[in-house]
2 protein chains.
Amino acid sequence: MARLSDIIEGFLKAMINDMDGYIEIQRNELANRFKCVPSQINYVISTRFTNEKGYYVESRRGGGGYITIRRLNTDSAGDYIMHIITSIGDKITQHSCEVFINNFVDYDVIDSREAMLMKAATSDKALVEVSPEKRDDVRAMILKNMLTSLTVI
Amino acid sequence: MARLSDIIEGFLKAMINDMDGYIEIQRNELANRFKCVPSQINYVISTRFTNEKGYYVESRRGGGGYITIRRLNTDSAGDYIMHIITSIGDKITQHSCEVFINNFVDYDVIDSREAMLMKAATSDKALVEVSPEKRDDVRAMILKNMLTSLTVI
DNA sequence: CAATTTGACTATCCCTGACTATTATAGTAT
DNA sequence: ATACTATAATAGTCAGGGATAGTCAAATTG
């Protein structure tokens, strides 16, 4: 018997395809359609529409609330970035980080303004409050997160 | 259900744009136009036209009362950014950070790609290795550093 | 055991209305 | 005319209800 979460996942992916990569849903409405509790929608989203799997999710509570799901770019630039991300380890020094970022500019993955932003976010100056032992880990996470965001349309 | 508050916000912002950054309205008249209670105008103003977002609001009660909204002069992006940097304290939550960043897009200080980068760099996800007690401090430093880098160009 | 499903509890946002505060103006007494 | 008062015409505050979505851990399933 197919699991409901898989069915909901398929439904959402079909919908995303139909809508050219971007959908807006309401949690309660979807839960009602599939006769499940609303929190199961959260479960499906958190297990199937993660950033690693190439989706970007935003939401808003309150009256008129919603959940939006955006499929990330899967073109060659996106592939290149994904490849780079996997090649970055768990730690990275400020210097290596800058080398990476400069390369991105050379390869036209980002422009010089974006490079400034990325360098600013990953500088020792920005991370001065993080203990030196952890700084390179945090820097790696920030860099990877920024790179992932670039694959969003 | 569409949110009326967002519609009123959009109406006021369009009006502010048309009027070169300064408008004067009457609360009751506006409430009547949108068929809502007058206090909803206060709600919209207090949630969307805050000082942090670069608006100055003044008002007067009684006969001939009014509400005026003035938008910070954005001719100089550098000045605007400096204003924001000084208004950011030593700590900032992910949510407030996103509000700021969305506003930079609104003010044409950054584009949507740069906004994605900035949000990625300051997300809880990127800072998961930083202890929760320090996370908001680190986030504030990263945000300020990125903003400062924008003024250099 | 791992993945799924459920539901109780929490968080956030919007909208409303009753009550309060302020200001201008008209009316009145001196 | 001047001073005072009453009334009308504004705007502000705040607490509560309704409409969403999020979290987390227990129960269930395969």
Side-chain angles (χ1 to χ4, degrees), chain A residues 1-13 15 23-53 55-70, chain B residues 1-13 23-53 55-70 92-100 102-103 119 123-125 128 132 135-136:
Chain A
M1 188 182 75
R3 285 154 305 195
L4 183 54
S5 287
D6 290 341
I7 296 172
I8 297 174
E9 173 189 7
F11 175 82
L12 289 175
K13 286 186 172 170
M15 196 171 162
I23 61 172
E24 176 175 321
I25 57 170
Q26 298 219 304
R27 192 181 74 151
N28 288 345
E29 186 195 324
L30 198 60
N32 192 54
R33 180 196 296 259
F34 289 102
K35 304 287 175 236
C36 63
V37 292
S39 58
Q40 183 155 9
I41 306 303
N42 295 87
Y43 176 72
V44 171
I45 287 175
S46 66
T47 55
R48 272 95 162 155
F49 293 89
T50 63
N51 221 294
E52 289 73 26
K53 295 187 177 175
Y55 294 91
Y56 184 72
V57 177
E58 289 179 305
S59 67
R60 184 166 174 174
R61 308 185 191 190
Y66 57 77
I67 298 174
T68 62
I69 306 177
R70 193 187 302 275
Chain B
M1 188 182 74
R3 292 163 300 261
L4 182 56
S5 288
D6 287 346
I7 296 172
I8 297 174
E9 172 190 7
F11 175 82
L12 289 175
K13 284 186 172 171
I23 61 172
E24 176 174 321
I25 56 170
Q26 298 220 305
R27 192 181 73 150
N28 288 344
E29 185 195 325
L30 198 60
N32 192 54
R33 180 196 297 257
F34 288 103
K35 304 284 174 239
C36 63
V37 293
S39 57
Q40 184 156 6
I41 306 302
N42 296 88
Y43 174 72
V44 171
I45 287 175
S46 66
T47 55
R48 272 98 162 151
F49 294 90
T50 63
N51 212 287
E52 283 193 342
K53 294 184 179 181
Y55 293 92
Y56 291 107
V57 177
E58 289 177 309
S59 66
R60 187 166 184 171
R61 309 184 190 190
Y66 58 80
I67 299 174
T68 62
I69 306 177
R70 185 157 42 92
I92 188 170
T93 64
Q94 173 176 356
H95 185 255
S96 305
C97 199
E98 287 184 357
V99 170
F100 273 118
N102 287 336
N103 230 52
K119 287 181 191 175
S123 69
D124 278 341
K125 204 175 152 209
V128 70
R135 201 169 290 159
D136 287 349

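Computation of the quantities below employed the complete heavy-atom set of this structure, encompassing side-chain atoms and omitting hydrogens, waters and symmetry-equivalent molecules. Since we're looking at a predicted model, the values are computed, not measured. Within every chain, numbering begins at 1; the chains are lettered A, B, ... in the order of the sequence lines, protein sequences first and strands thereafter.
Each of C:dC14, D:dA11, D:dT23 was ranked by its minimum atom distance to the side chain of B:Gln26; first place goes to D:dA11. Considering only side-chain atoms of B:His95, the nucleotide from D:dG12, C:dC13, C:dT23 that sits closest is C:dC13. Ranking D:dG22, D:dT10, C:dT5 by closeness to the A:Asn42 side chain, first place goes to D:dG22. Residue B:Arg3 has its side chain nearest to C:dC14 when only C:dC14, C:dT12, C:dT4 are considered. Checking D:dG22, C:dT5, D:dA11 against the side-chain heavy atoms of B:Ser59 singles out D:dA11 as nearest. Of the candidates C:dC13, D:dA21, D:dG12, the closest approach to any side-chain atom of B:Arg61 belongs to D:dG12. Comparing atom distances between the B:Asn28 side chain and each of D:dA21, D:dT10, C:dC15 picks out D:dT10 as nearest. When each of C:dT6, D:dA11, C:dC14 is scored by its nearest atom to the side-chain atoms of B:Asp6, the top-ranked nucleotide is C:dC14.
Within 4.0 Å (heavy atoms only), B:Tyr66 reaches sugar-phosphate atoms of the nucleic acid but no base atom. The residue B:Thr47 sits apart from the nucleic acid: no heavy atom pair falls under 4.0 Å. In this structure, A:Gly62 reaches the bases: a heavy-atom distance under 4.0 Å links it to at least one base atom across the strands shown. Heavy atoms of A:Ile67 sit under 4.0 angstrom from primed sugar atoms or phosphate atoms, though from no base atom.
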> For A:Cys36 and A:Ile41, what are the C-alpha separation, side-chain angles and deciding distance, and is it a side chain to side chain contact (heavy atoms under 4.5 Å, CB included)?
Replying inline: CA-CA 8 Å; A:Cys36 63; A:Ile41 306 303; 4.2 Å; yes
>> With side chain to side chain contact (heavy atoms under 4.5 Å, CB included) as the criterion, how do B:Ile45 and B:Ser59 come out once you've worked through the C-alpha distance, each side chain's angles and the decisive distance to 0.1 Å?
In response: CA-CA 11 Å; B:Ile45 287 175; B:Ser59 66; over 6 Å; no
> Between A:Glu52 and B:Lys125, is a salt bridge (Lys or Arg N to Asp or Glu O under 4.0 Å) present by the stated rule, with each step listed?
Replying inline: CA-CA 12 Å; A:Glu52 289 73 26; B:Lys125 204 175 152 209; 3.6 Å; yes
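Side-chain atoms of A:Arg33 and A:Ile8, non-hydrogen and from C-beta on, never get closer than 4.5 Å to each other. With a 4.5 Å cut-off on side-chain heavy atoms, A:Asn51 and A:Tyr56 count as touching. Side chains of A:Gln40 and A:Phe34 form no contact here, defined as non-hydrogen atoms less than 4.5 Å apart.
Of the side-chain N and O atoms in A:Tyr43, one or more sit less than 4.0 angstrom from OP1 or OP2 of C:dT4. The shortest distance between the side-chain N/O atoms of B:Ser39 and the OP1/OP2 oxygens of D:dT13 is not below 4.0 Å. Look at B:Arg48 and you won't find any side-chain N or O under 4.0 angstrom from OP1 or OP2 of C:dC13. Distances shorter than 4.0 Å separate some side-chain N or O of B:Gln40 from OP1 or OP2 on C:dT16.
For B:Ile41 and D:dT10, the CD1 to P distance is 15 Å, given to the nearest whole Å. In this structure, B:Ile25 atom CD1 and D:dA11 atom P are separated by 8 Å, rounded to whole Å. In this structure, the CD atom of A:Glu58 is 12 Å from the P atom of D:dG22, given to the nearest Å. Regarding A:Arg27, its CZ atom lies at a distance of 13 Å from the P atom of C:dG7, rounded to whole Å. The CD1 atom of B:Ile45 sits 18 Å away from the C1' atom of C:dC13 (whole-angstrom rounding). Atom CG in B:Leu4 sits roughly 7 Å away from atom P in C:dT16 (whole-Å rounding). With rounding to whole Å, A:Glu9 atom CD is found 13 Å from C:dT4 atom C1'. Spacing between atom CD1 of A:Ile69 and atom P of D:dA21 amounts to 12 Å, rounded to whole angstrom units.
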